[in-house]
Amino acid sequence: MRVTSSAGVLWGLLVLLGVLLTGCQSPSAGVAEDGRLGGAASGTADAGSAPVTRPSGYGAVFLAVDECSSFGTTSFTEVPCAGERAAARVVARHDGTVRDGPRCPATTDFVLHISEQRPASDEDGDGAVPQGYACMRNLQPPHPGDPGGGGGPRTIVGDCVYSSGDGQVRETTCDGKGLQEPEYKVTEAVARRADCPVSTALYVRLGGDRPVGCARPL
């Protein structure tokens, strides 16, 4: 009759338990978020590796400079500039209102007014988008903000205007293809009316450091 030692059985169980515990531990290399082995374990970093930072491109800040919007001036979304929905790029971005804030660059095509939003949470965790405005430039022509383009939020040198009545003028395209024929062209921007050339027939308010536009008849 064969007799089995109880001490031997106990030793065998301890060895088996040790193997099982070793197999349950994570490998020192760790597991990446995509399921691949090889990166540093969670909470650690390889020697000499750069710290992980949030990307500063699309999505980090709502309509930051050099980001793009979809089509539309009243209903719009931020989209990747390389995408097919991209229509215009942000050339300047300011908080507050257009009336109280800095002026847009001269060749801005249009302005997007951004309403203040304070949701409970958002994608970057700050829970708010302040009131502001974005100065936009179309990715493709036409560019109404260009000199003679017939539009844009600013009147600049090279633009054409027509009289709309009551001493007011409005922009129109210089090539005559707009809804209204051009009557005057702004040739210079000066600090005061006395600085305009003698050929000036109309003074146009431009704003800025040289607020007077000297316009000649066409």
Open item on the list: For a quick test of reading the model, state the closest non-hydrogen atom pair linking P182 to G176 and the distance between them.
Closed with: CD-CA, 4.0 Å
- [ ] State, with a plain yes or no, whether a side-chain heavy atom of V111 is found less than 4.5 Å away from one of C104.
- [x] yes
Task: Salt-bridge contact D66-R93 (side-chain N to carboxylate O under 4.0 Å) - done: no
Open item on the list: List the residues meeting ring-ring contact (aromatic ring centres under 6.0 Å, His included) with Y133, not counting sequence neighbours, and say none if there are none.
Closed with: H94
Task: Transitive ILVMFWY side-chain link L206 to L202, under 4.5 Å - done: yes
Open item on the list: Measuring only between side-chain heavy atoms, which start at C-beta, is T97 closer than 4.5 Å to Q131?
Closed with: yes
Open item on the list: Check whether T200 reaches the backbone of A215 with its side chain - one donor and one acceptor, N or O, closer than 3.5 Å.
Closed with: no
- [ ] Go through the side-chain N and O atoms of H143 and D109 and say whether any donor and acceptor fall under 3.5 Å apart.
- [x] yes
Open item on the list: Please tell me whether L112 and V90 are part of a single hydrophobic cluster in this structure, the criterion being side-chain heavy atoms less than 4.5 Å apart.
Closed with: yes
TODO: Working to the nearest 0.5 Å, report the span between CZ of R154 and OG1 of T108.
DONE: 7.5 Å
Task: Closest non-hydrogen atom pair between D146 and D159, with its separation - done: O-OD1, 3.5 Å
Open item on the list: Can you give me the closest heavy-atom contact between A201 and P217, atom names plus distance?
Closed with: CB-CD, 3.5 Å
Open item on the list: I'd like to know if the side chain of R170 reaches the main chain of S163, judged simply by a donor and an acceptor atom lying under 3.5 Å from each other, with no hydrogens or angles considered.
Closed with: no
Task: Flag side-chain contact, heavy atom, 4.5 Å: V98 against H113 - done: yes
Open item on the list: In this structure, would F76 and M136 fall into the same cluster of hydrophobic residues linked by side-chain contacts under 4.5 Å?
Closed with: yes
Task: From CD (E181) to OG1 (T172), nearest 0.5 Å - done: 7.5 Å
TODO: Return each pair, listed once, that meets ring-ring contact (aromatic ring centres under 6.0 Å, His included) where at least one residue sits in residues 156-214; pairs must be two or more places apart or across chains.
DONE: none
Open item on the list: Any side-chain to backbone donor/acceptor pair from D166 onto Q168? Under 3.5 Å, distance only.
Closed with: no
Task: Contact summary for E67 and L63, nearest pair of heavy atoms - done: OE1-N, 3.4 Å
- [ ] Just do the side chain to side chain contact (heavy atoms under 4.5 Å, CB included) check on T173 and C160 with the steps written out, would you?
- [x] CA-CA 6 Å; T173 57; C160 292; over 6 Å; no
- [ ] List the atom of R137, the atom of T107, and the distance in Å for their closest heavy-atom pair.
- [x] NH1-O, 3.0 Å
- [ ] Group every Ile, Leu, Val, Met, Phe, Trp and Tyr by side-chain heavy-atom contacts under 4.5 Å, then state whether V161 and I156 land in the same group.
- [x] no
- [ ] Taking atom types as modelled, find out whether R89 and S69 have a side-chain donor-acceptor pair closer than 3.5 angstrom.
- [x] no
Open item on the list: Taking G151's backbone N and O only, do any of them form a donor-acceptor pair with E171's side chain (distance below 3.5 Å, no angle check)?
Closed with: yes
TODO: Determine yes or no for a side-chain-to-main-chain donor-acceptor pair under 3.5 angstrom, with S70 supplying the side chain and T77 the backbone.
DONE: yes
Task: Closest approach of C196 to V212 (non-hydrogen atoms, all atoms of both residues) - done: SG-CG1, 4.1 Å
